Amino acid sequence: MVKDITFKQLVDLLIADSSYNFVATAITPWHALSCSSSINSINNVTLLKGIVLFYPREFGEYYVDESHFDILKEVSVEYYKINQGEEKLIKFGTIIQQIMFSMSSHNNRLRCLYVFSPWYPNIYMASGLYHNVPDIKITHVTYDEGISTYMYPKNKFQWSRNNSVLQNLRKCFSFFITMRFCMLQIKHNHKIIDTKLYYKKGKSLVVNTNIRKAYRAILNKNNVDLQIDIKPNSVIICTNAWDRDQFCGKPIDISIIEVISKKLINIGYNVYVKPHPRDLDYRNQYKNVDCSFLEYRSLSMEQAIANMPIKPVAIIGFSTTVLLTCRLFWNIKPISLIGLLNFESLPDFYKNEVTSFINIFGESVVDIKQLEDLNILL
């Protein structure tokens with residue numbers, strides 16, 4: 001069983017044993033896969049010993065545990081859960097400390113500590129460790145968050161209707177200092193190793209072939225004691241974790257999945273639905289879908305496919321990460337249903353999501369415009 005840890009205990013561990021040379025954080029099964037691939041890619045150069053911290057999602061629920069990192073057999077790792085209170089304590093460390101940390105070059109420090117985090121350098125964690133653990137020199141290692149890594153700018157402040165004007169102004173100020181000023185200083189003064197699946201070349205996204213190899217190596221030696229059997233000639237539909245309360249009436253994505261599943265069965269395919277980990281009420285929501293459910297909430301879809309002796313003919317979804325990875329790792333056909341959406345019926349946030357997905361990844365997926373396209377594509 002994974003033990004809880006406080007930030008002070010984490011600091012004490014790192015002070016007591018100087019052989020620890022990395023700290024990593026993970027929230028989702030996809031994080032676990034991305035983080036494992038990132039750690040292995042660094043471990044090929046520097047032998048690592050470290051600590052992986054599991055952060056909670058909504059309502060204090062943890063989506064990952066040490067079993068998601070079973071594949072890290074060649075790395076000495078300890079696992080801990082950090083509770084919501086501690087997560088907030090780290091996240092809202094003093095702004096002065098963050099500024100001082102970001103402007104320091106660390107050149108006078110000797111002990112290297114790698115801090116692995118999704119998307120961007122974890123300034124909150126790294127700053128706290130830098131100011132409390134003597135002689136450490138931080139190297140930031142960023143790994144892939146999923147498609148949101150490339151679709152949404154993390155340095156853009158989101159105004160919240162649930163907060164007062166004063167609360168929003170305070171958060172906006174803190175956000176500007178941390179995500180604009182401090183991040184700019186970190187890029188200039190610190191060492192950052194980017195292990196994300198894609199990198200920008202001009203206006204285009206290019207696959208990081210070395211990291212793709214690391215992902216495939218991880219998936220090929222996946223030790224999850226689970227074989228997932230699907231029938232030949234099968235299609236898997238992956239759902240999105242959209243907030244159903246934002247839709248008026250029946251959510252359009254559910255209606256489309258109902259129609260698509262019937263069409264697929266009529267033309268001779270077996271249909272499976274893989275609910276998103278946050279799609280909690282899926283049995284009720286998809287009760288009119290003629291399908292079998294892949295009920296492996298603790299696995300990323302990539303880990304699930306890796307454990308399938310028979311691979312699906314296609315992966316179908318709206319704007320989910322596996323639409324990209326299924327082709328990258330197994331050359332499985334990715335089909336997006338975004339073209340079937342009634343754009344005007346979508347809440348504004350999801351309009352931005354689907355528009356961004358097609359603009360960025362439209363050439364990497366098959367975007368169908370009508371049901372009859374399935375007859376041609378499959």
Side-chain angles (χ1 to χ4, degrees), residues 5-15 18 20-27 31 34-35 38-39 41-42 46 48 50-53 55 82 85-145 148-150 152-160 167-196 199-200:
I5 193 171
T6 66
F7 185 61
K8 182 180 184 306
Q9 289 170 335
L10 173 63
V11 168
D12 290 343
L13 273 177
L14 294 173
I15 292 174
S18 61
Y20 289 114
N21 59 2
F22 83 86
V23 173
T25 60
I27 301 175
H31 281 176
S34 296
C35 187
S38 181
I39 289 171
S41 68
I42 302 298
T46 304
L48 295 180
I51 295 166
V52 173
L53 301 173
Y55 277 32
I82 200 154
E86 282 294 319
E87 190 270 340
K88 290 175 182 176
L89 176 65
I90 293 170
K91 185 172 182 179
F92 299 109
T94 67
I95 290 178
I96 298 299
Q97 283 188 337
Q98 292 168 19
I99 293 173
M100 291 171 59
F101 165 70
S102 66
M103 296 181 69
S104 169
S105 65
H106 308 181
N107 288 334
N108 60 336
R109 296 191 170 204
L110 301 176
R111 178 184 169 191
C112 180
L113 184 74
Y114 295 90
V115 177
F116 292 80
S117 59
W119 203 338
Y120 275 66
N122 187 339
I123 184 173
Y124 314 108
M125 172 74 74
S127 173
L129 294 176
Y130 176 82
H131 286 287
N132 287 279
V133 182
D135 209 31
I136 61 167
K137 182 178 181 178
I138 300 289
T139 294
H140 307 272
V141 186
T142 56
Y143 63 80
D144 207 280
E145 165 75 20
S148 56
T149 309
Y150 315 99
Y152 310 117
K154 193 163 185 176
N155 61 353
K156 184 177 180 181
F157 179 72
Q158 298 290 330
W159 194 271
S160 174
Q167 286 174 319
N168 272 312
L169 288 174
R170 285 175 177 171
K171 287 189 174 184
C172 183
F173 173 75
S174 175
F175 184 88
F176 177 84
I177 294 295
T178 300
M179 296 307 299
R180 294 288 181 89
F181 177 79
C182 290
M183 281 299 179
L184 187 64
Q185 294 300 316
I186 283 175
K187 289 177 181 179
H188 180 71
N189 294 317
H190 298 189
K191 183 177 180 181
I192 302 174
I193 302 174
D194 186 352
T195 65
K196 295 191 285 291
Y199 62 91
K200 274 198 171 183

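Small disclaimer: the values here were computed from a predicted structure and weren't measured. The first residue of the sequence shown is numbered 1, and numbering continues consecutively from there. We use all heavy atoms of the structure for the numbers below, so side chains are in, but hydrogens, waters and symmetry mates are not.
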*is_close_aromatic(F116, F22), centroid dist under 6.0 Å*: yes
*Measure the shortest side-chain to side-chain distance between I51 and L13 over non-hydrogen atoms and say whether it is less than 4.5 angstrom.*
yes
_Show, in sequence, the C-alpha distance, side-chain angles and deciding distance for M125 and S117, and conclude whether the side-chain contact (heavy atoms from CB on, under 4.5 Å) test is met._
CA-CA 9 Å; M125 172 74 74; S117 59; over 6 Å; no
*Partner set under salt bridge (charged side-chain N to carboxylate O under 4.0 Å, His left out) for K137, not counting sequence neighbours*: none
*Which heavy-atom pair separates S34 from Y143 by the least distance, and what is that distance?*
CB-CD1, 3.4 Å
*Check whether any side-chain heavy atom of H31 lies under 4.5 Å from a side-chain heavy atom of Y55, and answer yes or no.*
no
*How long is the span from the SG atom in C35 to the CG atom in D144, to the nearest 0.5 Å?*
12.0 Å
_Taking the side chain as everything from C-beta on, heavy atoms only, tell me whether T142 gets closer than 4.5 Å to T149._
no
*Stepwise, does the side-chain contact (heavy atoms from CB on, under 4.5 Å) test hold for K196 with Y150?*
CA-CA 10 Å; K196 295 191 285 291; Y150 315 99; 3.7 Å; yes
*Going from CD1 on I42 to CD1 on I193, what distance comes out if it is rounded to the nearest 0.5 angstrom?*
4.0 Å
_Derivation of the side-chain contact (heavy atoms from CB on, under 4.5 Å) call for L113 and L129_ = CA-CA 9 Å; L113 184 74; L129 294 176; 3.9 Å; yes
*Do H190 and F101 touch side chain to side chain, with heavy atoms closer than 4.5 Å?*
yes
_Within this structure, what is the CD1-CD distance for the pair I123 and Q97, rounded to the nearest 0.5 Å?_
11.0 Å
*Where the side chain of N21 meets the backbone of C112, is there a donor-acceptor pair that is under 3.5 Å apart?*
no
*If we only count heavy atoms from C-beta on, is the I39 to L48 side-chain gap below 4.5 Å?*
yes
*In Å, rounded to the nearest 0.5 Å, how long is the span from OH of Y20 to CD1 of I136?*
14.5 Å
_Give me the atom names and distance for the closest heavy-atom approach of S104 to Y130._
OG-OH, 2.9 Å
*Give the intermediate values and the outcome of side-chain contact (heavy atoms from CB on, under 4.5 Å) for residues L10 and I82.*
CA-CA 10 Å; L10 173 63; I82 200 154; 5.6 Å; no
*Side chains of I186 and Y120: does their closest heavy-atom pair fall under 4.5 Å?*
no
*Look up atom CD1 in I15 and atom CG in D135, then write down how far apart they are to the nearest 0.5 Å.*
11.5 Å
*Output yes when a side-chain donor or acceptor of R111 lies under 3.5 Å from a complementary backbone atom of V133, and no otherwise.*
no
*For S127 and Y124, indicate whether the former's side chain and the latter's backbone hold a donor-acceptor pair under 3.5 Å.*
no
